[in-house]
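Remember, predicted model here, so these are calculated numbers, not experimental data.
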Amino acid sequence: MNEPYAERIHQARAHLEATRAAIARAEQDLAGTNATARSRDRAVEVTIGPQGELSGLTFLDNKYLSMTGPQLAASVLEAAQRGRQQVAQRVMDTFRPLMAANPDVPGSRDIDVDWDRLFGSAFEGGRRAGGGRSSGDRLRDEIHEDPDVPGGRR
């Protein structure tokens with residue numbers, strides 16, 4: 001009667017050690033990750049580092065020369081948001097399989113992670129995938145549709 005329990009404990013410990021090793025590999029792999037993203041107007045390209053930090057910024061084809069300050073700012077913010085979402089998605093895709101329940105432990109459950117709380121504004125759980133408007137879209141609307149300024153430009 002003790003053998004089945006001992007075997008279960010052994011399997012559970014082996015699963016735990018394998019998961020720990022997989023997490024360590026995932027952390028090491030993600031430490032060197034980055035994402036490059038462009039704004040929709042293709043005026044700005046950014047590189048985002050593994051912790052969501054802006055690590056590179058390029059103004060493409062001198063398009064910035066014909067942009068107002070608010071337009072350029074909106075393009076930079078949009079590209080940065082896109083890059084942060086890419087990094088956040090990589091983290092989720094990497095760790096999600098490691099959060100599955102241990103099949104060797106009866107009654108164990110998947111680990112539930114609040115990705116929205118973890119990533120904040122970098123990743124909003126895919127809610128925009130259905131066509132929702134981002135803050136960058138709202139900013140762009142403010143720039144182009146300002147009724148107080150002729151032509152919607154400042």
Side-chain angles (χ1 to χ4, degrees), residues 1-61 63-64 67 69-144:
M1 184 151 187
N2 285 339
E3 271 188 58
Y5 291 116
E7 182 59 28
R8 279 185 176 173
I9 290 172
H10 174 73
Q11 290 173 347
R13 284 186 177 161
H15 184 268
L16 177 62
E17 288 306 314
T19 301
R20 283 183 179 161
I23 289 171
R25 284 190 306 275
E27 288 174 342
Q28 187 174 14
D29 291 346
L30 288 172
T33 194
N34 62 48
T36 300
R38 288 186 178 185
S39 59
R40 277 184 299 210
D41 60 15
R42 304 186 65 74
V44 175
E45 181 177 271
V46 300
T47 302
I48 303 296
Q51 295 181 328
E53 74 278 10
L54 182 64
S55 61
L57 174 63
T58 304
F59 299 112
L60 304 169
D61 301 325
K63 290 180 181 181
Y64 71 94
M67 299 172 82
Q71 288 173 321
L72 181 58
S75 291
V76 170
L77 292 174
E78 176 193 344
Q81 180 66 15
R82 287 177 178 219
R84 290 177 65 218
Q85 287 174 340
Q86 289 176 20
V87 169
Q89 188 65 52
R90 285 183 194 155
V91 170
M92 288 176 55
D93 292 346
T94 300
F95 280 100
R96 193 174 275 137
L98 302 175
M99 302 193 170
N102 183 340
D104 298 316
V105 177
S108 69
R109 299 184 311 224
D110 290 353
I111 297 171
D112 188 30
V113 174
D114 184 350
W115 296 108
D116 289 340
R117 187 175 63 81
L118 183 63
F119 290 115
S121 66
F123 187 78
E124 296 183 19
R127 286 192 294 263
R128 283 197 208 136
R133 291 169 48 132
S134 70
S135 60
D137 291 337
R138 288 189 299 276
L139 179 58
R140 195 172 303 282
D141 288 347
E142 290 291 324
I143 293 167
H144 293 292

S.K.: Looking at CZ of Arg42 and NZ of Lys63, how far apart are the two atoms once the value is rounded to the nearest 0.5 Å?
M.R.: 7.0 Å
S.K.: For the residue pair Ser39 and Ala79, what are the closest heavy atoms and their distance?
M.R.: N-CB, 3.6 Å
S.K.: Minimum heavy-atom separation for Val44 and Val46, please, with both atom names.
M.R.: CG1-CG1, 4.0 Å
S.K.: Report all side-chain donor-acceptor pairs from residues 17-29 shorter than 3.5 Å, counting only partners two or more places apart or in another chain.
M.R.:
| from | atom 1 | to | atom 2 | distance (Å) |
| --- | --- | --- | --- | --- |
| Glu17 | OE2 | Arg20 | NH1 | 3.0 |
| Thr19 | OG1 | His15 | O | 2.9 |

S.K.: Among pairs that include at least one residue of residues 90-102, which meet salt bridge (charged side-chain N to carboxylate O under 4.0 Å, His left out), considering only residues two or more places apart or in two chains?
M.R.: none
S.K.: Suppose we screen for side-chain hydrogen bond (donor to acceptor under 3.5 Å, both in side chains). Which residues come up paired with Asp61, at least two apart in sequence or across chains?
M.R.: none
S.K.: Using side chain to side chain donor-acceptor pair (under 3.5 Å), reason through Gln89 and Gln85 one step at a time and then give a plain yes or no.
M.R.: CA-CA 6 Å; Gln89 188 65 52; Gln85 287 174 340; over 6 Å; no
S.K.: Between CD of Gln71 and CG of Asp41, what distance do you get to the nearest 0.5 Å?
M.R.: 8.5 Å
S.K.: Checking Gln86 now: which residues fulfil side-chain hydrogen bond (donor to acceptor under 3.5 Å, both in side chains) with it, not counting sequence neighbours?
M.R.: none
S.K.: Kindly give the heavy-atom pair with the smallest separation between Arg38 and Glu45, and that separation in Å.
M.R.: NE-OE1, 2.8 Å
S.K.: With a 3.5 Å cut-off and sequence neighbours excluded, list the donor-acceptor pairs that the side chains of residues 50-59 form with protein atoms.
M.R.:
| from | atom 1 | to | atom 2 | distance (Å) |
| --- | --- | --- | --- | --- |
| Glu53 | OE1 | Gln51 | N | 2.9 |
| Ser55 | OG | Thr47 | O | 3.3 |

S.K.: Scan residues 69-88 for pairs that pass ring-ring contact (aromatic ring centres under 6.0 Å, His included), counting only residues two or more places apart or in two chains.
M.R.: none
